[in-house]
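Below you'll find the structure, written out as structure tokens, and then a few comments.
Counting begins at 1 with the first residue of the sequence. All values derive from a computational prediction rather than experimental measurement. Both counts, for ligands and for their atoms, begin at 1 and track the order of listing.
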Amino acid sequence: MDCPICKNAMITLELADVEIDHCTDCGGIWLDAGELELLLGDAEQAKKLLDSFKIDSKCTEKRRKCPICLKKMQKIIVGPSTPTLLIDKCRRGDGLWLDKGELQDILNRAQLDKDNKIQKLLADMFGTEQGN
Ligand SMILES: [Zn+2]
Ligand SMILES: [Zn+2]
């Protein structure tokens, strides 16, 4: 699968038994449908977060193409907290595109207060090595 931004092939990473696609150039992450829920682990928190997604039809940010169906994705506001977090979502539901740092941001907003396993994994995986 190619990165929607750099067009380079992404690598597959395993994060808490969930396979995610990661672009080592721009640091973006592609999550197939259902993978965000798996990463969140908690079905109730996941539902709350997904229910907070709002389509931003007026967004002027450049629209990216879905790496699977190659159609332009929708901008989604992950609400309601500020500052506004915008992510890209395939209209057909193939999955979500997250720019560098946005997965961490989403997990922060989901208020996973239990053990933060994913947060730690992300920090280990991307924390200090990003930008090389
Ligand atoms: Zn990229
Ligand atoms: Zn798609």
Got a second to check how far Glu102's CD is from Asn108's CG, nearest 0.5 Å? 12.5 Å

Separation between CG of Leu50 and NZ of Lys89, rounded to the nearest 0.5 Å: 8.5 Å

Any protein N, O or S atom under 2.8 Å from the Zn ion (ligand 1)? Found Cys3 SG, Cys6 SG, Cys23 SG, Cys26 SG

NZ of Lys75 to NZ of Lys58, rounded to nearest 0.5 Å, is 15.5 Å

Among Leu96, Leu36, Leu31, which residue meets the side-chain contact (heavy atoms from CB on, under 4.5 Å) test with Ile106? Leu36

Which pairs with one or both residues in residues 4-21 pass side-chain hydrogen bond (donor to acceptor under 3.5 Å, both in side chains), sequence neighbours excluded? Asn8-Asp25

If you round to the nearest 0.5 Å, how far is SG of Cys90 from CH2 of Trp97? 14.0 Å

If you count heavy atoms of other groups shown closer than 6.0 angstrom to CD1 of Ile55, is the number above 12? no

Give me the other members of the hydrophobic cluster that Leu86 sits in, counting Ile, Leu, Val, Met, Phe, Trp and Tyr linked by side-chain heavy atoms under 4.5 Å, directly or via other members. Ile77

Any chance you could measure Leu39, atom CG, to Leu15, atom CG, to the nearest 0.5 Å? 5.5 Å

Identify which protein N/O/S atoms are less than 2.8 Å from the Zn ion (ligand 2). Cys66 SG, Cys69 SG, Cys90 SG, Asp94 OD2

